[in-house]
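Inspection log for the structure reproduced underneath, given as structure tokens.
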Amino acid sequence: MDLLDLMKSSIRAPGRLVNLLTIDELKGIDVDTSGATIGALATLAEIADHPDLARMFPALALAAGHAATPQVRNVATIGGNILQRPRCWYFRMAQYPCLKKGGDTCFAMDGENKYHAIFENSLCAMVHPSNTAVALLALDAVVRTAGSGEIPIRKFFVTPDQDILRESALAEGELVTQLFIPATGARSHYLEFRERQSFDWALVSAAAAAELEGQTLNNARVVLGSVAPIPWRIDLGEIAATDEALDRAADEAVRGATPLAKNKYKVQLARTAIRRSLRELARATE
Amino acid sequence: MPDVLTTPAYRWVGHNPPRKESLEKVTGSAKYLDDLKFEGCLHGKTVRSTVPHGRIKKISFEPGVPWDEFTVVTARDIPGKNVVSLIELDQPFLADGLVRHMAEPVVLLAHPDKGMAEKAVKRVHIEYEELPAILTIEESLAGGNIQYGKDNIFKKYHIQKGDPESVWPKADVVIEGEYWTGPQEQLYIEPQGVVAVASPTGGVTVWGSMQCPFYVHKGLKPLFNLPDDRVRVIYTVTGGGFGGKEEYPTLPAGHAALLSWKAGGRPVKIVYDRMEDMWATTKRHPCKTRVKAAFTKDGKLLALKVDATMDGGAYVTLSTVVLSRGTLHAFGPYACDHVVIDTRAVFTNSPPYGAFRGFGAPQTIFPLELHLHRAACELGIEPHELRRRNLLHQGDRMATGQVMQEETGLEGLMWKAMDESKYLEKTKAYREHNRSSTRIKKGVALALFFHGAGFTGSGEVFLDSKAGLELTRDGAVRILSANTEIGQGSFTTHSQIVAEELRIPYEMVEVAVPDTAVVPNSGPTVASRTCMVVGELLRRAASDLKEVLVKSGALAGNGHTPSEFRAAAGKYLQRFGELKVYSKYKPPPDVSWDDKTYTGSAYAAYAWACYVADLEIDMATYQAQMKDFVAVQEVGRVIHPVIAAGQIEGGVAQAIGWALYEDVALKQGVMQNCQLTNYILPTTADTPPIRVFFYENPYQNGPFGAKGLGELPMDGPAPAIAAAVAFALGDRIIPRIPILPETILDAIS
Ligand SMILES: Cc1cc2nc3c(=O)[nH]c(=O)nc-3n(C[C@H](O)[C@H](O)[C@H](O)COP(=O)(O)OP(=O)(O)OC[C@H]3O[C@@H](n4cnc5c(N)ncnc54)[C@H](O)[C@@H]3O)c2cc1C
Ligand code: SF4
């Protein structure tokens, strides 16, 4: 769907298309005690509605369920979702040959940058648009491919500094077959802010995960979406599940933000998203 | 089902028969423009300017494209006058030498293959000598760069009653404020689309998605130097207009016809995709307004001064009349002895702004109502009470001198709206809540307003509309009118009116396709006039038709059954061949208007309303979320309650978009976010329950008492919402819309 959109707006003109939908091996969701194996063709709707995923990996089910609209979720695959291209207006309009399309300027830097990055934004300020990527990163998923085998999700997304023309480490022609999420017993949560309640990408999203021990969150991490060219992971380690400690962590996490002219508001949203998602984990302890 | 607060005593009027076109639309068999198939059709495309102001130096066609397969049209190919005939004659169909805004049409291409046509657009290169552009109202008025007349001003209006200047020094309190309303995209679901067949021998025929076939007709005649009967314009099922298909379709219609003319009469279809539609077509005029008001300590409005400036864009199009309506709604439903209204529409190098539901009125009602809310806060009087103390009543004079002949009933509407929304309880509870809660702030506020139905001033007289009825072969009645069905239900309400007057079943009334070769010019489908003005023409035609049948002896004068009517129609047709009855517009008695002084009865009838908005703001995300909306209005007789309520709900939703979501990001005068994924429109998940209530005070010159209501719901929500935001933020006014989360963040930090 994203591919068709790019073709319609003359951003991409592939000479040949391969239909993956006929490959049954790429479909289905399997959950057992070791974790969840999700076929690349599993739809966002299937993921959102899967009871075992909702129980074991609520961040992923919530992330999938919040994306787009019911119609889109019925056809959008998770493989395609983590590989969707930037929503940056300049990227999406053929008349702007920006850096990401091989040009030599970033039009967003002094243009419309309300929806752009507040971290890692000196070269290209796109934000990674995928909801599920945010959750998958918080859940330490592994991307299985038909080429190189396994790519830990932490290495899957690449920044503009690493490669301006791509957002993932996938090699040309390499196929994503499955995503695997290991069962660790960690609790997780996902939330997002957006301008309207449906049919929209997030302004800022957050997936939080941690293991719980008494009043302490262990191995706590929050991944922010729509704040950087990649899903933006913040590792907090061990942290007390009190409002003050969580608020402090949230303030600390956004300290390094470098907002552009029109997106200062995102710093505030990011802080709130961190705070609320962690509090949600803490709430589960009571 | 909406509440209607009278009992209709009619068989069809006030009831909800199925819409005339609903079966086709629901089953998908309705044929919209792009569904129409034409043998040998070419696909037309428009090459548009990419600078806001510049001289065209050279147009070149990149090699490697089979240009000989294309039909190519530039200004030089135009057989007649290169000018869109509307109010002024300043806009060309194709830029000739000079472009005055981004996205201005320069070259037209047509090819049998749609993909080829699309690709070829990028292979036409236009070189410009760029000229300095005017991109804001301020730059336009600054004077250095004059591109229209001697001062860049398209039009000015001045209304004066009494002498506000003498009041300021004496008043207890004088409050001033400046307000801004942004542009808005109409966003009809079906984009602009036309098909044309044109040749010197066959004349010009155009099919299209449009509101006003006769506007297109008028626009095309000079383009080809053709007389009336050689140009024919046919309405096709139209997926929404909201004003966006009032004047604009003349341009693509002319373009398709020029291509067809050059291609030897082959049909040419032009359908914009969403991006082109949003990039190039008209939007609501942005408007900057200063309001100054003087009050006594206890809230009596002593003097009012409003100064509003609209950005008209690069050509006059309808700006002068949009401004006029804005001017005539700027003083609101209040009695005040000293009022001065000054307005102007100015030139900028933006694509022309155009008609949009409300037509200038929402832009001036917003500042006035929000200013009254501000005044109430400053005076320490409840906002509804401040309004109540100043309401216009029977016998009062408006700023134009028009004396209210009837009681407006506004106070009753206000109490009803407050009652239904639990306004008083909520204001108390929300204040309490806001004192203790830091995370969620709640707000509730109201707005009072009117909307004049029909054309402004002497407009209806100049239109000189004509509508008619004819008997069909099988003894039914067919409506002959140029007024189009654009989703607002006009085919249905017109049929109800005719059925009621003739005392025949609704099913026995048909509607002829608005086709300039078949129907008379009953005027445009705009200005909340279709039901009230054209409906009354049809009612009179029905009454005349009945009289003809009775006089001929075919029909008894004292009532008839449907089959008696059918038999009478058959008898008449057998004897006389056909029966067509037309009626022409007659201004209501005691309505007069002076265009020079802008005094008199600006509108023959007004709809009155009070709306209440209820919302919450999340103080961490600064998102305002609507919670409830109550819309109470008096619109004369409600012909079809379900359709009427649909109009109100849709208008309120559209206005919520204008107030809280829809941000047209302009660069070099043109929209940047021309996709539905980045022009943020509220969805049903963002709109609250919209609760609609009608009062009926039948208007004597409307059909069965009806007035207009289509534009009314666009007027009130934005000021009510902005005031509710102010309430939530502890009386902090944000004087501009849209109020986005970052607007709130900026305002409070
Ligand atoms: C109105 C709207 C709102 C939206 N809102 C959101 C939102 O809020 N959050 C969100 O996350 N998304 C959102 N989306 C995006 C939507 O979820 C994605 O477009 C969708 O997930 C893409 O899935 P697809 O299967 O159609 O991918 P495709 O378009 O088919 O694929 C995208 C890309 O990935 C490649 N690809 C696909 N599968 C594989 C594979 N197995 N291996 C290798 N390469 C592959 C394709 O070649 C292509 O380049 C929205 C979309 C729309 C239209
Ligand atoms: S932010 Fe990235 S995608 Fe957007 S214009 Fe700049 S370089 Fe292109």
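Here is how names work: the chains are called A, B, and so on, in the same order as the sequence lines, proteins then strands, and each is numbered from 1.
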Checklist entry - With a 4.5 angstrom heavy-atom cut-off, which part of Arg87(A) approaches chain B: side chain, backbone, both or neither? => result side chain
Checklist outcome for this item: Rounded to the nearest 0.5 Å, the OH atom of Tyr661(B) sits from the CG atom of Asp200(A) at a distance of 10.0 Å
Checklist outcome for this item: If one checks every heavy atom of Phe107(A) against chain B at 4.5 Å, the contacting part turns out to be neither
Checklist outcome for this item: Closest non-hydrogen contact found for Leu269(A) with Ala620(B) is CD2-O, 4.1 Å
Checklist entry - Strictly by modelled atom types, are Gln197(A) and Gln625(B) linked by a side-chain donor-acceptor pair under 3.5 Å? => result yes
Next on the checklist: A side-chain contact here means heavy atoms from C-beta on lying under 4.5 Å apart; do Trp279(B) and Met93(A) qualify?
Outcome noted: no
Checklist entry - What distance separates Tyr265(A) OH from Gln623(B) CD, expressed to the nearest 0.5 Å? => result 10.0 Å
Checklist entry - Rounded to the nearest 0.5 Å, what separation is found between the OG1 atom of Thr677(B) and the CG atom of Asp5(A)? => result 7.0 Å
Next on the checklist: Need one label for Lys122(B): side chain, backbone, both or neither, based on atoms under 4.5 Å from any heavy atom in chain A.
Outcome noted: side chain
Item to check | Sequence neighbours excluded, every pair satisfying side-chain hydrogen bond (donor to acceptor under 3.5 Å, both in side chains) that has a member inside residues 739-749 of chain B | outcome: Lys114(A)-Glu742(B)
Checklist entry - Do Trp89(A) and Gln675(B) come close enough that some side-chain heavy atom pair is under 4.5 Å? => result no
Item to check | Atom group of Ile680(B) that falls short of 4.5 Å from chain A, counting heavy atoms | outcome: both
Checklist entry - Non-hydrogen atoms of chain B under 4.5 Å away: do they reach the side chain of Arg275(A), the backbone, both or neither? => result neither
Item to check | chain B contact via Ser10(A) - side chain, backbone, both or neither, heavy atoms under 4.5 Å | outcome: side chain
Next on the checklist: Need one label for Arg274(B): side chain, backbone, both or neither, based on atoms under 4.5 Å from any heavy atom in chain A.
Outcome noted: neither
Next on the checklist: I'd like to know if the side chain of Gln268(A) and the backbone of Thr621(B) have a donor-acceptor N/O pair within less than 3.5 Å.
Outcome noted: no
Item to check | Over 12 non-hydrogen atoms of neighbours within 6.0 angstrom of CZ in Arg233(A) | outcome: yes
Item to check | Under 3.5 Å donor-acceptor, Arg196(A) side chain and Leu681(B) backbone | outcome: yes
Checklist entry - Heavy-atom count around Ile189(B) CD1 within 6.0 Å, excluding the residue itself: above 12? => result no
Next on the checklist: How about NZ on Lys101(A), more than 12 heavy atoms from neighbouring residues, nucleotides or ligands closer than 6.0 Å, or not?
Outcome noted: yes
Next on the checklist: If I take atom CH2 from residue Trp201(A) and atom CG from residue Asn678(B), how far apart are they, to the nearest 0.5 angstrom?
Outcome noted: 9.0 Å
Next on the checklist: Is Glu195(A) in contact with chain B via its backbone, its side chain, both, or neither, using a 4.5 Å heavy-atom distance?
Outcome noted: both
